[in-house]
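Input: a single structure, listed below in structure tokens.
These figures come from a predicted structure and were not determined experimentally. Basis for what follows: all heavy atoms, side chains included, without hydrogens, waters or symmetry-related copies.
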Amino acid sequence: GCFTANYLHTVIPDPTVVLILSMIVGGLTAALFGFIIGLPTLRLKGDYLAIVTLAFGEIIKDLINQDELRPIKSVERMKILVRNMLSDVLNALDKKDPKYLADMDNRDREGDRLNWLIARQVNIHQKDIMISRRQGADIVTITRCGTISKTIERIGDHAIVLTNNLRSLIDDDSTNLVDEEIVTTGRDVVTLFSDSVATWVAKDMDAANDCLYRGEKLVRESMSISRMSENLSGKGALAARIISESVKRIAEYSMDISEM
């Protein structure tokens, strides 16, 4: 509504007319976007409702004011979101408490929206290279933000795979030994993921090489967990194999980020 009112002030010279139109059109525009944003967020409560409301405000502001488009900043937001999703999955298994898995689908959709936003930001930069120059960023780094965000989105998808298979392990006491290995290796993989994104942002080649070394080790550990799960039976065995494969893929995706 404020952006609409401000725009009317730039195109209508008459102060009386623009005041009346700004109040009417600005109010209607604010109500329209409030309705659009409200529909998909009616099921959210508390902090999640506040986060989504603020996120929509940031998205609209960025789309209207191109000088504020910063894909790298959005990538870091996406990293934090996905990292917290993975950490909560591991906490659920470690503490045998499914409450940590609440709202995972909504958080995954938020990651999808951030991925869309980054793609939009990258597209705008590619169409007008002067935006990147004003921000002191090179177009190659901006373009790679799109690739990084897609990779992070895939990691977020694996968080959902972990969530969907975790309940079988939580309810099965016979998988406790495998559970411990998954939690230990999984936490190391989450750290690797976070470090890989930070390494890419900082353009630190030494740290990137260290991430690659750690990633190879974690891939081997994930494969070892998969072999351990072969000694299990029932739903727990299948769930453990699927989870170990997802942990391995997250490690591999993190290595991909380090290599960029």
Side-chain angles (χ1 to χ4, degrees), residues 43 48 75 77-116 118 147-172 174-197 211 214-258:
R43 292 176 293 178
Y48 293 108
V75 167
R77 290 178 186 169
M78 196 173 181
K79 178 199 75 173
I80 293 171
L81 174 68
V82 173
R83 182 193 65 195
N84 290 343
M85 289 173 65
L86 294 171
S87 295
D88 282 346
V89 168
L90 295 171
N91 286 335
L93 180 58
D94 186 30
K95 302 179 186 300
K96 300 290 185 180
D97 190 347
K99 75 178 183 182
Y100 288 97
L101 306 178
D103 290 323
M104 277 292 175
D105 288 335
N106 288 330
R107 293 158 78 179
D108 183 51
R109 283 191 287 271
E110 182 63 22
D112 292 340
R113 284 191 284 267
L114 280 171
N115 181 53
W116 174 86
I118 292 167
T147 305
I148 296 290
S149 72
K150 289 178 183 177
T151 304
I152 296 176
E153 182 191 27
R154 294 188 186 107
I155 293 175
D157 291 340
H158 277 285
I160 298 301
V161 173
L162 295 174
T163 299
N164 293 338
N165 288 276
L166 208 63
R167 296 184 187 279
S168 297
L169 298 186
I170 292 176
D171 298 335
D172 190 346
S174 67
T175 65
N176 285 346
L177 184 60
V178 173
D179 294 351
E180 292 176 4
E181 292 296 324
I182 290 173
V183 171
T184 301
T185 302
R187 293 198 192 283
D188 289 339
V189 168
V190 173
T191 301
L192 173 68
F193 161 62
S194 184
D195 290 348
S196 295
V197 177
C211 286
R214 288 157 54 196
E216 291 172 354
K217 180 175 177 289
L218 290 170
V219 166
R220 291 193 296 270
E221 290 180 6
S222 300
M223 295 172 67
S224 176
I225 295 173
S226 181
R227 288 191 293 272
M228 289 178 61
S229 67
E230 294 175 0
N231 297 322
L232 302 175
S233 59
K235 293 182 179 179
L238 178 60
R241 283 195 291 273
I242 293 173
I243 289 172
S244 63
E245 179 62 25
S246 280
V247 171
K248 180 171 79 74
R249 292 298 296 140
I250 293 171
E252 291 170 342
Y253 281 135
S254 299
M255 294 167 65
D256 291 341
I257 293 173
S258 297

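- The minimum heavy-atom distance between Val190 and Ser87, with the atom names listed, is CG1-OG, 3.8 Å.
- Arg107 CZ to Ile160 CD1: the interatomic distance, rounded to the nearest 0.5 Å, is 9.0 Å.
- A distance of 12.5 Å separates OG1 in Thr151 from CD in Glu252, rounded to the nearest 0.5 Å.
- The CG atom of Leu101 lies 5.0 Å from the OG1 atom of Thr163; values are rounded to the nearest 0.5 Å.
- For the atom pair CG of Leu114 and CD1 of Ile80, the computed distance is 10.5 Å after rounding to the nearest 0.5 Å.
- In this structure, CG on Asn115 lies 7.5 Å from NZ on Lys150, to the nearest 0.5 angstrom.
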Task: Audit row: Arg249, Val161, side-chain contact (heavy atoms from CB on, under 4.5 Å) steps and yes/no - done: CA-CA 11 Å; Arg249 292 298 296 140; Val161 173; over 6 Å; no

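- Residues Ile155 and Leu86 have side chains in contact (heavy-atom distance under 4.5 Å, counting atoms from C-beta outward).
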Open item on the list: One pair to check against side-chain contact (heavy atoms from CB on, under 4.5 Å): Asp188 and Arg214. What are the steps and the verdict?
Closed with: CA-CA 9 Å; Asp188 289 339; Arg214 288 157 54 196; over 6 Å; no

Enumerate donor-acceptor pairs with a distance under 3.5 Å from any side-chain N or O in residues 239-246 to protein atoms, sequence neighbours excluded.
unit_1: Ser244; atom_1: OG; unit_2: Ala240; atom_2: O; d: 3.2
unit_1: Ser244; atom_1: OG; unit_2: Arg241; atom_2: O; d: 2.8
unit_1: Ser246; atom_1: OG; unit_2: His158; atom_2: ND1; d: 3.0

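- With contacts defined as side-chain heavy-atom distances shorter than 4.5 Å, the pair Asp179/Lys96 qualifies.
- Scanning both residues, Met255 and Gly215, for their nearest heavy atoms gives SD-C, 3.5 Å.
- A 4.5 Å side-chain heavy-atom check between Arg83 and Val197 finds every atom pair outside the cut-off.
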- [ ] Apply side-chain contact (heavy atoms from CB on, under 4.5 Å) to Ile148 and Met78, showing your working.
- [x] CA-CA 10 Å; Ile148 296 290; Met78 196 173 181; over 6 Å; no

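- Ala251 and Val219 get closest at one heavy-atom pair: CB-CG2, 4.1 Å.
- When all heavy atoms of Ser149 and Ile118 are compared, the closest pair comes out as CB-CD1, 3.5 Å.
- Contact detail for Val89 and Ala159: the closest heavy-atom pair is CG2-O, 3.9 Å.
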Name every donor-acceptor pair, under 3.5 Å, that has one atom in a side chain of residues 220-227 and the other anywhere in the protein, sequence neighbours excluded.
unit_1: Glu221; atom_1: OE1; unit_2: Thr185; atom_2: OG1; d: 3.4
unit_1: Glu221; atom_1: OE2; unit_2: Lys217; atom_2: NZ; d: 2.6
unit_1: Ser222; atom_1: OG; unit_2: Leu218; atom_2: O; d: 2.9

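- Asp157 contributes atom CG, which lies 10.0 Å from atom CD1 of Ile250 (distance to the nearest 0.5 angstrom).
- The shortest side-chain heavy-atom distance between Met104 and Asn164 does not fall under the 4.5 Å cut-off.
- Here the side chains of Ile152 and Phe193 are in contact, with some heavy-atom distance below 4.5 Å.
- Salt bridge status for Glu110 with Arg113: present, with a side-chain N to carboxylate O gap under 4.0 Å.
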